[in-house]
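Atom set for the values below is all heavy atoms of this structure, side chains included, hydrogens, waters and symmetry mates excluded.
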Amino acid sequence: MQVTIPETGFIRLAQVLEVIPLGKTCWWEGVKSGRFPKPIKLSARCVAWKSEDIHALIKKLSDQKERLTQVPVEVLEK
């Protein structure tokens, strides 16, 4: 099953965790540390994330992964 995130709007934590494979505790620790975007408070007991912020996070994480997998030849020859 492929999960899609809308281009704009808000998504709840369950939807976020369907595309970013983390547990709730790890996600909230990342929010607290600033690694992940902060939620928007919709009501007293309801928070959500802007879809744009989650798209940007996915791009940032995939760019980091690409940089880590691109090892210079000199390093491999040592």
Worksheet item: Do you know the tightest heavy-atom contact between Lys32 and Lys38?
Response: O-NZ, 4.2 Å
Worksheet item: Does Phe36 have any ring-ring contact (aromatic ring centres under 6.0 Å, His included) partners at least two apart in sequence or in another chain, and if so, which?
Response: Trp27
Fill in: Approximate separation, where rounding is to 0.5 Å, of Arg12 CZ and Leu17 CG
11.5 Å
Practice prompt. Answer with yes or no whether the hydrophobic clustering places Ile20 together with Val47; edges join I, L, V, M, F, W, Y residues whose side-chain heavy atoms lie under 4.5 Å apart.
Written response: yes
Fill in: Minimum side-chain heavy-atom gap Lys50-Pro39 below 4.5 Å
no
Worksheet entry | Contacts of Cys26 that satisfy side-chain contact (heavy atoms from CB on, under 4.5 Å) - sequence neighbours left out | Leu22
Worksheet item: Residues two or more places apart in sequence or in another chain: which of them pass ring-ring contact (aromatic ring centres under 6.0 Å, His included) with Trp28?
Response: Trp49
Worksheet item: For Cys46, does its backbone N or O pair with a side-chain atom of Lys41 as donor and acceptor, under 3.5 Å?
Response: no
Practice prompt. Apply the test side-chain contact (heavy atoms from CB on, under 4.5 Å) to residues Val16 and Lys24: give CA-CA distance (whole Å), side-chain angles for both, the deciding distance (0.1 Å), then the verdict.
Written response: CA-CA 10 Å; Val16 172; Lys24 288 181 184 179; over 6 Å; no
Worksheet item: Between Leu13 and Val31, is there a shared hydrophobic cluster once you connect ILVMFWY residues whose side-chain heavy atoms come closer than 4.5 Å?
Response: yes
Fill in: Side-chain touch Ile11/Ser51, heavy atoms, less than 4.5 angstrom
yes
Residues 52-59 side chain polar contacts: donor-acceptor under 3.5 Å, at least two apart:
from  : atom 1 : to    : atom 2 : distance (Å)
His55 : NE2    : Ile5  : O      : 3.4
His55 : NE2    : Pro6  : O      : 3.1
Lys59 : NZ     : Asp63 : OD2    : 3.3

